[in-house]
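Following: one structure in structure tokens, then a few remarks.
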Amino acid sequence: MKAELGFAQRRPMATAAIAGSRLLSVDALRGTVMVLMALDHVRDFFHSAATSFSPTDLTKTSAVLFLTRWVTHFCLPMFVFTSGMGACFWWQRGNRTKGQLSRFLWTRGLWLIALELTVMQFAYDFNFSSTVMILLLVLWIFGACMIAMALLIYLPLRTLAALSIAVLVLHNCLDPIPAARFGAFQWAWNLLHQPGVFIAGGRPVLVSYTLVPWIAVMASGFCFGRVFTLDAASRQRISLGLGVALTAAFIVIRAVNRYGDPAPWSVQGSPVFTVLSFLNCTKYPASLDFLLMTLGPALMLLAFLDRRTLGASNPLVVFGRVPLFYFVLHFYAIHILVVLASLIRYGPVAWTFVFNPLPSMGGPQQLFPTGFGYRLWVVYAVWIVIVASLYPLCKWFANIKARRNAWWLSYL
């Protein structure tokens, strides 16, 4: 395997990675992320328990609700990792320079942060009020990581890979350090490692995703992108082998229960809930156990998809080719549906609570009526409707991106 990886650093990028048509297996993996992501966000907006407790709270949840949330844990690690791979593909396609790649990364990073602070803030709460909490969520962390990657790509590949692995393995050593220790600079630690709320310009800012460890996930994806310079059999073997190794490492480290996650698992009242406790790894910030648990199976899935014959019209491929377009649209579609459902259920006078961030996203729970939300089967039904309805639009936009080479399309 080391010889193959070393060879990957010397040979040109494989035709499949630099051709006009992108690697369908990577697109399909990203499309899988988008489909699962929609389930989690529909649950946030529609499920009756979303305003009162976390679906991973073993004292209140059910196995089905826990697994509905747990399966979506794979989304962010898979998408951040494949974004790193995508940056590698963009660099190698057309023999671009590192300078060109760096400019693309920092400009795209700024663009994503701008979208987070404008387009997505409105999508979260449909509210222009200057007092509403600012949410730094998915697009924020992608943008921040891309800006950091604009500098990190100048490191030798092996150095970057070693640093990425070191951060992924060791960052939980920082868990005991509280943000309050930094006084007026608490906000910096919130952005770097400890999720939390700070005040900026008189407004509360919620940070859910921190730069550490997500920058290491993106950087490791960038390094792993070189594996796709190899022939199909070799890259599939490496993807599968690494996926199995990461998954096995998760099982061992989690079983030892000494390091890797600030929330140890414990024996519960039933075998099923004991397994759920074992799987209940910390996402904010993403622990070593969380990343091993998600990235391992993701790489195995990538190897599986790489063996499949996927057409350009496959829904997973389509969604994976236009992830930002899908991401923005699906949030607005979900929020519009919950607004309409609330108008019908509560009437034009009492429905205004939906113009606030949801409690599941840091919003004020006291503004939402008791009993707000719907049963889990409704969540799944709405999820299917959302994904199915977005497919024609995403296919239309994917076809536009395939036909045209306009520079601005790479930012969408």
Side-chain angles (χ1 to χ4, degrees), residues 16 19-47 68 71-72 74-76 78-79 82-83 86 89-90 108 111-112 115-116 118-120 122-124 126 137-139 142 301-302 304-306 308-344 354 374 376-412:
S21 59
R22 303 190 311 182
L23 285 170
L24 297 184
S25 59
V26 178
D27 284 329
L29 183 65
R30 195 170 338 190
T32 303
V33 169
M34 308 316 292
V35 172
L36 290 176
M37 183 184 295
L39 173 60
D40 194 40
H41 295 151
V42 170
R43 182 194 56 77
D44 277 333
F45 278 89
F46 274 88
H47 191 236
T68 298
V71 73
T72 65
F74 290 82
C75 295
L76 194 60
M78 290 165 65
F79 198 45
T82 56
S83 293
F89 298 161
W90 190 94
R108 184 174 174 82
W111 167 240
L112 291 176
L115 287 178
E116 181 73 274
T118 54
V119 174
M120 293 311 300
F122 186 67
Y124 300 145
F126 284 2
L137 301 178
V138 174
L139 294 191
F142 274 99
L301 178 58
L302 179 59
F304 171 81
L305 293 171
D306 203 19
R308 307 277 76 79
T309 301
L310 301 168
S313 296
N314 184 295
L316 297 181
V317 174
V318 169
F319 292 144
R321 286 183 165 175
V322 291
L324 181 58
F325 182 77
Y326 172 100
F327 181 83
V328 174
L329 281 185
H330 97 286
F331 249 111
Y332 275 90
I334 294 169
H335 205 161
I336 288 170
L337 283 182
V338 82
V339 166
L340 293 176
S342 299
L343 175 60
I344 294 170
V354 294
Y374 304 86
L376 195 56
W377 72 264
V378 177
V379 171
Y380 276 89
V382 173
W383 171 53
I384 292 171
V385 169
I386 291 290
V387 172
S389 63
L390 289 180
Y391 175 73
L393 285 172
C394 290
K395 184 178 180 181
W396 164 78
F397 190 62
N399 289 335
I400 290 178
K401 294 188 74 172
R403 291 195 306 265
R404 300 182 59 181
N405 293 320
W407 64 268
W408 56 268
L409 285 173
S410 62
Y411 289 81
L412 299 175

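Predicted model, so just to flag it, every value in this text is computed and none were measured.
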Residues which pass side chain to side chain donor-acceptor pair (under 3.5 Å) with Tyr124, listed by chain and number, not counting sequence neighbours: Glu116
Over all heavy atoms of both residues, which pair between Phe142 and Ser83 is shortest? Give the atoms and the distance, please. CE2-OG, 3.3 Å
Working for side-chain contact (heavy atoms from CB on, under 4.5 Å), residues Arg321 and Asn399: CA-CA 10 Å; Arg321 286 183 165 175; Asn399 289 335; over 6 Å; no
CG (Asp40) and CZ (Phe45) are apart, to the nearest 0.5 Å, by 11.0 Å
Residues passing the side chain to side chain contact (heavy atoms under 4.5 Å, CB included) test with Phe126, sequence neighbours excluded, are Phe122, Tyr332, His335, Ile336, Val339, Phe355
Taking all non-hydrogen atoms of both residues into account, name the closest pair between Cys394 and Val322 and its distance. CB-CG2, 3.7 Å
Any heavy-atom pair between the side chains of Val318 and Pro315 that's under 4.5 Å? no
Let me confirm one number: the CZ-CG distance from Phe304 to Leu302, rounded to the nearest 0.5 Å. 11.5 Å
What's the spacing between Leu301 CG and Leu305 CG if we round to 0.5 Å? 4.5 Å
CZ of Phe327 to CZ of Phe79, rounded to nearest 0.5 Å, is 8.5 Å
How close do Gly320 and Arg30 get, counting heavy atoms only, and between which atoms? O-CD, 3.6 Å
For Leu324, the side chain to side chain contact (heavy atoms under 4.5 Å, CB included) test, sequence neighbours excluded, returns Trp111, Leu112, Leu115, Leu139, Val328
Side chain to side chain contact (heavy atoms under 4.5 Å, CB included) filter on Leu337, not counting sequence neighbours, yields Phe46, Val382, Ile386
Non-hydrogen side-chain atoms of Arg308 and Ser25 separated by less than 4.5 Å: no
Measuring from Ile334:CD1 to Leu390:CG, what's the distance to the nearest 0.5 Å? 8.5 Å
Interatomic spacing from CZ in Phe325 to CZ in Phe319 - rounded to 0.5 Å: 11.0 Å
I'd like to check the side chain to side chain contact (heavy atoms under 4.5 Å, CB included) partners of Ser389; sequence neighbours left out, ordered by chain and number. none
Side-chain touch Trp396/Ile400, heavy atoms, less than 4.5 angstrom: yes
For Tyr380, check side chain to side chain donor-acceptor pair (under 3.5 Å) against everything at least two apart and list the hits. Thr68
Taking side chain to side chain donor-acceptor pair (under 3.5 Å) as the definition, give me every residue that meets it alongside His41, ordered by chain and number, with sequence neighbours left out. His330
For Asp44, what residues pass the salt bridge (Lys or Arg N to Asp or Glu O under 4.0 Å) criterion, not counting sequence neighbours? none
Validation: residues 32-39 side-chain donor-acceptor distances under 3.5 Å, sequence neighbours left out:
| unit_1 | atom_1 | unit_2 | atom_2 | d |
| --- | --- | --- | --- | --- |
| Thr32 | OG1 | Ala28 | O | 2.9 |

